[in-house]
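See below for the structure under consideration.
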Amino acid sequence: MESLVRPRGIVLTSQLLNQFKNRFEQQEKLTITIFDPYGIGGRVWRKDQWTGLIMNTPADQISLFTDASVNMTSRVFDGPSLFEWSSSAEAQKYLTTNDYPETIKTAATNLDGRDYAPRVLYGAYINWFYKELIKQCPIEAT
């Protein structure tokens with residue numbers, strides 16, 4: 001299976017992995033090939049862009065996770081929305097560890113649910129989500 005690493009591709013990858021983990025005996029190896037010349041998150045959400053570019057959806061309406069409201073055949077992979085994640089200690093640690101600019105750390109700390117987050121911050125959320133997804137792999141991921 002091949003998947004783009006833009007948000008839709010990450011969500012698709014998450015659901016494929018979720019289906020594999022929870023619905024199959026895992027006797028055969030699952031291979032998911034992820035590709036994008038700009039890396040996880042794609043060109044729009046990359047770290048090296050001007051931090052003044054913002055999203056067009058309020059932060060509390062953005063999540064890569066599923067919840068009980070999603071009609072699906074496997075388990076829910078629940079987690080924080082962009083807004084919830086941004087104000088967490090985990091987000092600050094991730095942003096610091098991965099050398100995000102102070103302006104993004106400050107934006108994360110001060111983000112209100114109705115605010116339009118910087119694209120760079122959403123890119124950080126996508127990358128953090130991807131790393132969390134890899135941690136959930138039942139077998140070694142590369």
Side-chain angles (χ1 to χ4, degrees), residues 1-26 29-142:
M1 177 72 198
E2 295 184 356
S3 168
L4 289 172
V5 253
R6 297 179 186 127
R8 285 186 195 147
I10 291 292
V11 171
L12 173 64
T13 301
S14 170
Q15 290 307 305
L16 288 170
L17 180 58
N18 198 17
Q19 290 283 331
F20 180 72
K21 283 188 333 186
N22 298 304
R23 295 186 53 99
F24 298 98
E25 293 181 18
Q26 302 169 15
K29 191 175 185 179
L30 173 68
T31 301
I32 301 173
T33 303
I34 299 177
F35 61 93
D36 193 308
Y38 297 97
I40 301 298
R43 179 174 52 192
V44 175
W45 315 109
R46 69 186 195 281
K47 182 178 178 180
D48 66 344
Q49 66 182 297
W50 178 50
T51 59
L53 294 174
I54 61 171
M55 302 183 67
N56 60 3
T57 305
D60 64 356
Q61 295 180 23
I62 298 171
S63 182
L64 296 171
F65 292 92
T66 55
D67 63 22
S69 70
V70 178
N71 184 13
M72 49 194 253
T73 58
S74 64
R75 293 184 189 160
V76 167
F77 182 41
D78 199 7
S81 68
L82 172 62
F83 165 65
E84 295 164 332
W85 177 79
S86 294
S87 61
S88 72
E90 189 168 1
Q92 285 299 313
K93 180 180 176 185
Y94 181 85
L95 295 170
T96 299
T97 303
N98 291 282
D99 299 319
Y100 279 84
E102 286 300 320
T103 55
I104 294 303
K105 293 182 217 176
T106 301
T109 301
N110 297 327
L111 190 68
D112 183 84
R114 294 165 294 182
D115 289 343
Y116 295 85
R119 289 181 181 185
V120 173
L121 183 58
Y122 185 50
Y125 176 70
I126 294 168
N127 278 277
W128 171 81
F129 175 85
Y130 178 72
K131 289 179 182 182
E132 290 300 304
L133 185 62
I134 294 303
K135 288 179 191 176
Q136 303 293 319
C137 286
I139 56 175
E140 184 179 329
T142 57

task = For salt bridge (charged side-chain N to carboxylate O under 4.0 Å, His left out), just list the numbers for Glu132 and Lys135, CA-CA rounded to whole Å, side-chain angles, deciding distance to a tenth of an Å, and then say yes or no.
result = CA-CA 5 Å; Glu132 290 300 304; Lys135 288 179 191 176; 2.9 Å; yes

inquiry  = Can you give me the closest heavy-atom contact between Tyr122 and Leu64, atom names plus distance?
reply    = OH-CD2, 3.4 Å

query = Between Leu95 and Trp85, what is the shortest heavy-atom contact and its length?
reply = CD2-CH2, 4.4 Å

key: Closest heavy-atom pair and its distance - Pro118, Ile104   = CB-CD1, 3.9 Å

key: Atom pair CD (Glu84) and CD (Glu90), whose distance is rounded to the nearest 0.5 Å   = 12.5 Å

Side-chain polar contacts of residues 49-58 - donor-acceptor pairs under 3.5 angstrom, sequence neighbours left out - could you list them?
from: Gln49; atom 1: NE2; to: Val44; atom 2: O; distance (Å): 2.6
from: Gln49; atom 1: NE2; to: Arg46; atom 2: O; distance (Å): 3.0

query = Which distance, rounded to the nearest 0.5 Å, do you find between the CD1 of Ile126 and the CD1 of Ile62?
reply = 9.5 Å

request  = Taking all heavy atoms of Gly123 and all of Asn127, pick out the closest pair and write down the distance.
outcome  = O-ND2, 2.8 Å

query = Centroid-to-centroid, Phe65 to Phe129, below 6.0 Å?
reply = yes

key: Main-chain N/O of Lys105 paired to Gln92 side chain as donor or acceptor, under 3.5 Å   = yes

ask   = Between OH of Tyr130 and CD1 of Ile40, what distance do you get to the nearest 0.5 Å?
value = 4.5 Å

message = Checking the side chain of Asn98 only, and the main-chain atoms of Tyr100 only, is there a donor and an acceptor separated by less than 3.5 Å?
response = no

task = Starting at CG of Asp60, measure out to CG of Asp112 and round the result to the nearest 0.5 Å.
result = 7.5 Å

